[in-house]
Amino acid sequence: MKNVNHRNKTSRLARVLIGVSIVLTTALFFVAVEIDDLLRENHLNEVRADSTVNLIEVREHIEESIFGHFLLLQKVTTYVEENPDATQEEFSAYISTLDYLPEEVINFATARDLVVDMVYPVEGNESVLGFDYRSNPDQRPGIERSIENRRATVVGPIDLVQGGKGFIFRQPVYVNDPSSETGKRLWGIVSIVAEHDAFLDVTGLNDMRDEFDILITSDPLYAGRERVVLGSPEIANQNPINLELEFPTGHWEVAAIPAGGWPTNSPTYVKDRILLGFGSAVIIGLVLLVATLAVLQRRAQVRLTEAIEAMDGGFAMFDHKGRLVAFNAKYMEMYAVSSERIREGARFEDIIRLGVQNGQHPDAIGREEKWIHKRLESFFGPDTEFEQELSNGRYLLASDRALSDGGRLCVRTDVTQLKQAVDQAEAASRAKSEFIDTLSHELRTPITVILGLSSLGKNFETLGMTKTLREKLDDPEVEIDEIKDAVSVLVKHFTDTMEKQERSAKHLHGLVEDMIDFAKIESRKLAVRPETVDIVDLVSSVTDQIRIKAEEKGLAFKVEAEKGEVFCDQLRTTQILLNLVGNAIKFTETGGIEMKAWREGDSAIFEVSDSGPGIPTADQKRIFNAFEQLESSNVRRHSGIGLGLAISRTLADAQNGSLHVDSEPGKGSTFTLRLPSNERHGSARDYGAHANRLDSAA
Ligand code: ADP
């Protein structure tokens with residue numbers, strides 16, 4: 001049972017721990033995933049921020065570079081505006097004088113009325129001359145919008161007329177025309193063509209591609225059909241960083257992501273995840289440890305409480321200030337009078353005060369404050385052990401011990417039974433020595449009488465009356481009547497002596513019979529043989545034997561017996577009744593004795609009443625114990641050894657009957673013997689302690 005319990009508790013602990021682990025692991029897993037996401041996002045944000053800063057730096061360089069091309073275009077435009085009729089030679093001469101001729105520039109060109117009329121350098125670009133912009137569907141819309149808006153543009157990449165790809169910077173040129181409404185008229189277009197790859201190199205756009213995957217789209221206003229300047233349109237869908245490349249006359253939109261795409265994890269993600277896992281494991285371990293300790297502590301506490309409760313005695317623990325910390329139900333039960341104060345945290349002083357107030361301690365009555373003061377002194381003093389008497393008649397063995405933290409441990413053991421046993425043993429021992437005194441007195445008295453009278457008989461010859469008789473017999477003058485008188489005196493003396501001897505011998509016999517009966521009872525050898533007996537006959541036999549004694553003592557002896565039967569051992573019942581009537585005569589000095597007998601239901605009742613001294617209630621139980629007498633041996637006035645009632649009750653029990661006394665001091669006593677009236681009830685035996693023993697012996 002204990003093992004099963006232990007196993008149950010262990011598996012309950014295991015279940016609790018598994019439950020806690022599952023919940024905790026799940027929670028920590030989600031937290032870890034969240035932290036991992038945050039770390040990744042954080043890294044992503046850092047990368048985005050760094051990339052944005054890098055892009056902005058690169059952008060500035062690109063913008064500067066492209067701005068340079070627009071400046072160059074502006075210079076050439078200004079020249080044409082000022083020299084609208086310049087020849088190819090003049091134009092070439094002018095261009096060659098420019099101190100800044102970027103190497104990526106393939107050519108400079110002018111298109112008067114949108115047909116290319118001058119180009120620099122001419123060599124290699126001859127094919128461009130005569131090219132009509134309006135005939136080129138790719139370039140025409142851009143040019144038209146440029147003219148419309150009167151702004152410089154850059155377009156590309158574009159398939160060049162002279163072959164290859166390039167970017168073209170164009171600006172419409174207006175010259176003064178007084179005939180026009182605005183005072184200006186469109187002269188044509190000035191353009192600079194930059195070779196595609198070289199342009200990307202020079203502007204730094206290529207460098208940008210080392211670090212980023214980019215998509216550059218041109219201003220839709222000036223773009224041709226193809227808006228993509230550079231890169232893959234795919235980039236637009238990959239959450240790129242968006243920037244604008246600003247030119248004086250428009251802009252390109254840049255979308256960029258780090259080369260190879262956005263990172264999926266932070267570079268330290270392996271280390272981070274190991275740390276998260278390790279941290280989670282430590283947390284789970286700690287929580288499990290704490291949970292295990294909590295469960296074990298709880299279990300230990302329960303065990304301790306159960307142990308304290310299971311204790312046979314009262315248990316209480318107080319702290320160093322005398323406040324109740326723990327106690328068991330037994331403690332509360334023992335001090336039931338002060339139980340309403342026996343609560344955790346209650347002060348020892350308050351508890352005993354209530355006890356004293358409610359009269360719990362008989363030794364405190366009349367000196368309450370002094371008692372409390374002394375009790376507190378001993379409680380807070382060195383370890384003590386003492387006997388405590390309570391007003392409910394119980395005795396406690398109290399032990400107060402000091403604990404290392406200054407608290408007190410109180411253990412109470414109920415020693416009432418032990419104390420009663422000791423009292424009984426002491427009483428028994430007292431009764432025994434009294435019995436020995438009584439017995440020696442009771443035996444010695446008749447023996448002394450018998451011995452005295454025997455010695456008298458032995459010295460018959462020396463008796464005065466014997467001598468007188470002889471003298472009279474020897475004297476022939478003495479009359480026969482005188483001799484007769486002397487013989488009569490002698491015979492009377494002899495008869496008296498014999499009677500005294502007989503009385504003493506009978507008394508001795510009675511004592512010995514009682515002792516034999518008692519010995520039989522003790523050795524379980526006393527047997528009863530019940531039979532149906534006539535009540536009147538039984539009562540007559542008793543009264544015939546004892547009436548004379550009452551009369552001798554001058555006591556009235558009244559007898560009333562109703563007709564009926566009793567199922568009993570005649571000899572033993574007579575013995576009981578003789579004992580009861582004998583006691584009544586013995587202890588009654590004046591008044592009388594009454595004996596009644598009648599049938600009542602299934603019982604026959606025999607009642608012996610007297611007008612004697614009576615028996616105090618406290619002693620009424622005791623007189624049925626062997627050797628118990630109410631007169632102490634040194635003031636005894638009556639004979640007897642205290643076995644009569646003990647034997648009588650045992651005999652009554654053995655016959656399935658009972659023997660009780662009802663008495664009041666000064667008002668006499670009534671002993672009632674109740675026996676079964678017929679065999680049916682007589683055989684339904686329910687013997688007392690002695691009777692059982694007798695029964696088994698029979
Ligand atoms: P014994 O008569 O030999 O002393 P018992 O067992 O018959 O022993 O009686 C025990 C005691 O009971 C007596 O010593 C006496 O003190 C008390 N007792 C018995 N019968 C009476 C009585 N009728 N009146 C007063 N006391 C009695």
Side-chain angles (χ1 to χ4, degrees), residues 427-428 430-446 506-522 526 542-543 545-546 549-550 553 555-559 572-596 606-653 658-673 688 690:
R430 232 183 358 261
K432 195 174 145 197
S433 24
E434 282 197 3
F435 166 69
I436 289 169
D437 287 350
T438 309
L439 191 63
S440 32
H441 172 78
E442 288 296 312
L443 291 177
R444 205 175 283 139
T445 310
K506 271 188 175 166
H507 183 67
L508 257 185
H509 180 248
L511 287 178
V512 170
E513 281 295 310
D514 273 0
M515 285 165 67
I516 289 171
D517 279 350
F518 181 69
K520 276 186 184 168
I521 288 170
E522 287 291 285
L526 188 94
V542 172
T543 51
Q545 291 180 58
I546 204 148
K549 270 195 176 178
K553 214 174 167 184
L555 298 170
F557 190 29
K558 200 174 149 198
V559 180
R572 292 304 188 181
T573 308
T574 307
Q575 185 183 345
I576 298 170
L577 293 173
L578 279 175
N579 182 43
L580 296 179
V581 180
N583 276 348
I585 296 169
K586 185 163 70 177
F587 294 104
T588 305
E589 298 308 327
T590 52
I593 286 105
E594 195 174 337
M595 184 173 173
K596 285 186 189 168
F606 300 85
E607 204 179 79
V608 179
S609 322
D610 62 53
S611 56
I615 302 158
T617 316
D619 296 326
Q620 285 175 10
K621 213 170 146 196
R622 183 158 84 82
I623 55 171
F624 290 98
N625 295 340
F627 312 122
E628 291 280 5
Q629 294 177 308
L630 300 184
E631 295 175 327
S632 73
S633 56
N634 45 358
V635 295
R636 281 166 49 80
R637 289 183 295 125
H638 302 100
S639 62
I641 53 171
L643 282 179
L645 288 178
I647 293 170
S648 297
R649 176 169 269 183
T650 306
L651 289 175
D653 284 348
S658 65
L659 178 61
H660 294 289
V661 65
D662 184 16
S663 178
E664 214 179 299
K667 291 191 176 165
S669 314
T670 299
F671 284 84
T672 308
L673 171 68
H690 284 303

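For this chain, numbers begin at 1 and follow the sequence in order. Counting convention: from 1, in listed order, for ligands and their atoms alike.
- In this structure, D610 and I585 have side chains that are not in contact, with every pair of non-hydrogen atoms separated by 4.5 Å or more.
- Those atoms of ligand 1 that come under 4.0 Å of a heavy atom in K586, given as number and element, are 1 (P), 2 (O), 3 (O).
- For the ligand labelled ligand 1, residue G612 lies outside the 4.0 Å heavy-atom shell.
- Residue-ligand proximity, G640 to ligand 1, at heavy-atom distances under 4.0 Å covers atoms 3 (O).
- Looking at I615 against ligand 1, only its side chain comes within 4.0 Å, counting heavy atoms.
- Side-chain atoms of Q620 come within 3.5 Å of backbone N or O of S663 as a donor-acceptor pair.
- At a heavy-atom distance under 4.0 Å, only side-chain atoms of D610, from C-beta outward, approach ligand 1.
- Of the possible donor and acceptor atoms, one in the side chain of E442 sits under 3.5 Å from a partner among the backbone N and O of G640.
- Atoms of ligand 1 lying under 4.0 Å from at least one heavy atom of F671, given by number and element, are 20 (N), 23 (N).
- Not a single heavy atom of F624 sits closer than 4.0 Å to an atom of ligand 1.
- For ligand 1, the atoms lying closer than 4.0 Å to a non-hydrogen atom of Q629 are 1 (P), 3 (O), 4 (O), 14 (O).
- Partners of R430 by salt bridge (charged side-chain N to carboxylate O under 4.0 Å, His left out), not counting sequence neighbours: none found.
- Among the atoms of I641, some N or O lies under 3.5 angstrom from an N or O of ligand 1.
- You'll find the side chain of I647 reaches within 4.5 Å of the side chain of Q575, heavy atoms only.
- Annotation: salt bridge (charged side-chain N to carboxylate O under 4.0 Å, His left out) contacts of K549 (sequence neighbours excluded): none.
- Here is the list of ligand 1 atoms found below 4.0 Å of a heavy atom in S669: 24 (N).
- Checked by atom type and distance alone, the side chain of K553 pairs as donor or acceptor with a backbone atom of T588 at under 3.5 Å.
- Looking at L645 next to ligand 1, an N or O pair under 3.5 Å apart turns up.
- Heavy-atom proximity to G642, at under 4.0 Å, picks out these atoms of ligand 1: 1 (P), 3 (O), 4 (O), 6 (O), 8 (O).
- Atom CD of E664 sits about 7.5 Å away from atom OG1 of T617, to the nearest 0.5 Å.
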